[in-house]
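First listed ligand is number 1; within each ligand, the first listed atom is number 1. Sequential numbering from 1 along the given sequence is applied to the chain's residues.
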Amino acid sequence: MEDPKLEKHFKSHRSTVTSLSFSPNTKQLVSGSLDACLFLWPFKPQVRAYRFVGHNDAVHSVCFSPSGHLIASGSKDKKVRLWIPSVKGESTVFKAHTAAVRCVDFSSDGQSLLSSSEDKTIKIWTVHRQKFQFSLNQHSNWVRCAKFSPDGRLIVSCSDDKTVKIWDRNTNECMHTFYEPHGFLNDVAFHPSGTCIGGGCTDASVKIWDIRTRKLIQHYANHVASVNNVAFHPNGNFLLSASSDATLKVFDLLEGRLIYTLHGHQGPATSVAFSKQGDYFASGGQDQQVLVWKTNFDTTVPGVDSMNTASSKFTNGNDLMTNDYTTTSRISSATAQPKKSQISSLREKSHPETSDERRARKIDISHEKPMVHTYDDGNHLEITNIGPAYANGISRSNSASACLSNSKAIPNGISKNNRATYDIETNGHQNHSPQLTNTLEHIVQQLDILTKTVAILETRLTMTEGKLQEINDQGQRMAQIDNPCWFTTKKINSHLYLTTENYFFEGNRSNIWLIRGKARDLIIDCGLGVCDLKKHLENLNLLSKDRECIVLCTHSHFDHSGGANHFENECKVLIHQDDYQGLRNGWQEETLNYVKATQFLQQPYQNFSTRDYRVPATKCEPIMDGHRIDLGANDELIVLHAPGHTQGSIVCYYPRTKSLFTGDFVYNCNHGSELLDWLPTSSVQEYLRSANNMLDFLQEHEIKKIYPGHFQILNDKNRVQELLQQYIDSKDDCCSIAKASCFQAVTKCFFRTDCFRCCN
Ligand SMILES: [Zn+2]
Ligand SMILES: [Zn+2]
């Protein structure tokens, strides 16, 4: 068995590191901090770390998805963000709770995400579209931490209400509650086998419970201050803990003892995590440092094999679910209504173990190894990080090791507690008159009924909350019914209709085109999405279930793609592949999502708030330059890629009417130099190239009508050629200081950033 070795040392956070998670391939490590940032640390030398900024307050929890494609973070700002772990640092955000988010965790299939909060709830969301599924509401104080079981069927949570709860994810019911009399758990984790949970407690202890027998099976009192975070080694044989006593400790769970104390942090150690293979672990502290250690000690232990043998005996929590345990209340489950079996098991607890029991325990928790209480006699090493040179000082220590829950030699919380329970129960039976006993039993029964009633009410409350959330989600669509006047539709000719949102300010009011094709229809751009365009067109009989309709977005900006989500289930929604990700994920940076209250001349619906406005992640399909949109019987439109305004901007050529649909690529503004090429999505170089290409195209094709994304229809191509030429010419003398500063001012007000693109 080799000693763990400090390998890397990252320091860029400006406050306490709160949470760590390895990417599944162990190529990256993500850290969250009270400084409101996330850092993504690469393990390759010479690769830059990425800093993710988005949360408005402390980040409490970070977690890599099982596939490694997403990182979830939970913050004091009440929000959960899902980040793409790449240089861009893109994220989607949703308000998850009414108070600080304390913990986030992905289910092992990557489909669900849970969040726990200071609002006392745990909520479960779909990862795709972040749809609320249900909440767990029985805690009466902050829920510090919650985790899915490895098989995803259970959830464990710990709260400042001094309880740890096990939940059945299918029924949303609390299946068991563990009580922590001396403090509360800061952190809780499932053992890789799914049969045990471990936690770190404010009373400086590390504890492990078996969730099948619902008993505390290991109890380590080696830390001298609050234990902030724990992590099981993936082979299940070790547990790592981080404490406010500035140390990390490694416990050998098979032998039930402390094997290492690691000193690396100056001040409280706040977080730990193992890599997926267990070959590395990371730690974070109040000293703003992230340390990465090579595990080493797991290599010579025949851990994986013995673990596998042991696991096969475990039932992955089945016992817990099939057990006839029906109530979670302390009163009914433990003390007040003793059953014979409980008394006898409690009595055994307060006596030395029988040899049978000891044998059973051996198999159960120690995976074929003797489970004996041992004092550390020299095998426990202390490792000290003595500075940035990463030299490890290793010193032997004779400090006391693990203290087991069933140990008589070192009394501890749980055994005392059991004895106290036993006393009360025996008293109840021995000293009280039968009458009093009857009365007490009656009271207990009443309490039991009350508890069950409360549980039912809580379930109903959860269901109501779920429904409310769904109604909220659909609020925008529903609202359209209240406001049939939001859209104005004009017939341009027998096969073209123009719809506009006339209560939105003209400068950004987009043109929504509906082409009646020979066999199917095409909608080009969809408006803001604040009201339901689909329903509006159906009301006008311009859209019906019997006739196919395709939706095309000329680019990802909100004024063109915001309404696409109303069509996503029944129509094909198309967008150029370079703008696809933005719309598919509802990224703020690519959809812009920029609306101000003053831009609405009328509220689209009651209680509309521009602050909540966003383009939702929308199901769509990517298309490329040259894509043909088939409207049947040789009626088709041809997609021309015209990047510049955005990467994936397109122009659509419609040979049937010799017309062009130009989106934001070109429209009738005062002067071609006003075309928008300075947005964060824009590129002047590409715009210039596209403008030149379009001039060529216009020369080669007869074009009778131009239908732009904004403003009036243009009746001849000369005006378009003029605008594009003006645009090209304006770039010859571009970047005059006055213009740049003016654009910068505009950009600043859009995105509150100094960074903007001009001529590059
Ligand atoms: Zn645009
Ligand atoms: Zn636009």
Pairs satisfying salt bridge (Lys or Arg N to Asp or Glu O under 4.0 Å), at least one member in residues 633-657, at least two apart
Arg628-Glu636, Asp635-Arg656
Between Phe106 and Phe64, does the ring centroid distance fall short of 6.0 Å?
no
Could I get the full list of side-chain contact (heavy atoms from CB on, under 4.5 Å) partners for Thr610, not counting sequence neighbours?
Val595, Ala597, Phe600, Phe608
Within-2.8 Å protein N/O/S contacts of the Zn ion (ligand 1):
His555 NE2, His557 ND1, His645 NE2, Asp664 OD2
Taking the six-membered ring for Trp, is the centroid-to-centroid distance between Phe94 and Trp125 below 6.0 Å?
yes
Results of side-chain contact (heavy atoms from CB on, under 4.5 Å) for Thr618 - residues two or more places apart only
Ala564, Asn565, Glu568, Leu583, Pro616
Verify the ring-centre separation between His645 and Phe665: is it less than 6.0 angstrom?
no
